[in-house]
Amino acid sequence: MISVKGLTKRFGTNTVLDAIDLEIEAGERVAVIGPSGTGKSTLLRSLNFLEKPDEGLITVGPVRVDAKTASADEQRAIRRQTSFVFQNYALFANKTARDNIAEGLITVRGWDKAKAHARADEILSTIGLTEKADSYPASLSGGQQQRVGIGRAMAADAELMLIDEPTSALDPEWIDEVLQLLKRVADARQTMLIVTHEMQFARDISDRVLFMDGGRIVEQGPPEVMFTKPKDPRTAAFLRKVL
Ligand SMILES: Nc1ncnc2c1ncn2[C@@H]1O[C@H](COP(=O)(O)OP(=O)(O)O)[C@@H](O)[C@H]1O
Ligand SMILES: [Mg+2]
């Protein structure tokens, strides 16, 4: 179970997250939509301390921290409970697909190399990239790189998977294979918070949709309600533009 209370992040005088409250049940798949610049990435990044929030209580599984006073150890503890899929994949360019997936298991979880590589090979098989195990990111397509990025997050086996616009850097031809893999992750009931512009995908895989604007959650509900009968005029205006 994930709980966020009063999550606030400012950049100078710009309040990017304005006292966000959010609870996510185990196994729940939550999609975040909203105009650009409204704090969606900052929400995900603050939840695992890629950005340090100014205020807020964050609970992920067994770990609970107060952002204001969080020590480096506490921040690491939260980070271990989460995995992250980045828009630009954020793979290590000098590591093979297998090593990209194994890296966190070795450095974060302390697994020995053989065990981590065995697990990475299982993941590579799951994501359909066994034959690319020894390939470096530069020789993979965008879709394959993002599948490795998702594989790395799967390997972390985290309480919460944070996924930030996983297809927006991809050429159109690679989008489907990435969405299909994410659908499988969602079908396995991995708890996830996913920012996406793929509205049909959000509708297909999510249990709940959050609409964010101006650093706040303006409206939330089940996808069938949010996409057909939004209550807030800002949600309606946004959906008119993107649907
Ligand atoms: N590192 C940063 N330094 C200063 N301002 C930032 C930084 N990151 C994000 N912002 C600002 O925070 C706001 C929200 O950004 P972001 O969370 O990326 O929005 P979204 O993901 O919804 O497009 C924007 O106004 C952006 O300019
Ligand atoms: Mg963003």
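The chain is numbered in sequence order, starting from 1. Just follow the structure's listing: the first ligand is 1, and inside any ligand the first atom is 1.
- The environment of K52 atom NZ is dense: over 12 non-hydrogen atoms of other residues, nucleotides or ligands sit within 6.0 angstrom.
- Residues Q180 and D176 bring no donor and acceptor atom of their side chains to less than 3.5 Å of each other.
- Sorted by chain and number, the residues within 4.0 Å of ligand 1 by heavy atom are F11, N14, V16, P35, S36, G37, T38, G39, K40, S41, T42, E51.
- The Mg ion (ligand 2) has an N, O or S atom of S41 closer than 2.8 Å.
- Using a cut-off of 4.0 Å between Lys/Arg side-chain N and Asp/Glu carboxylate O, E55 and R10 are scored as salt-bridged.
- At a cut-off of 3.5 Å, with distance as the only test, a side-chain donor of T235 or E219 sits close to an acceptor on the other residue.
- Look at D232 and R234 and you find a salt bridge, because one of the NZ, NE, NH1 or NH2 atoms lies within 4.0 Å of a carboxylate O, short of that distance.
- In this structure, a donor-acceptor pair under 3.5 Å is absent between the side chains of E28 and T191.
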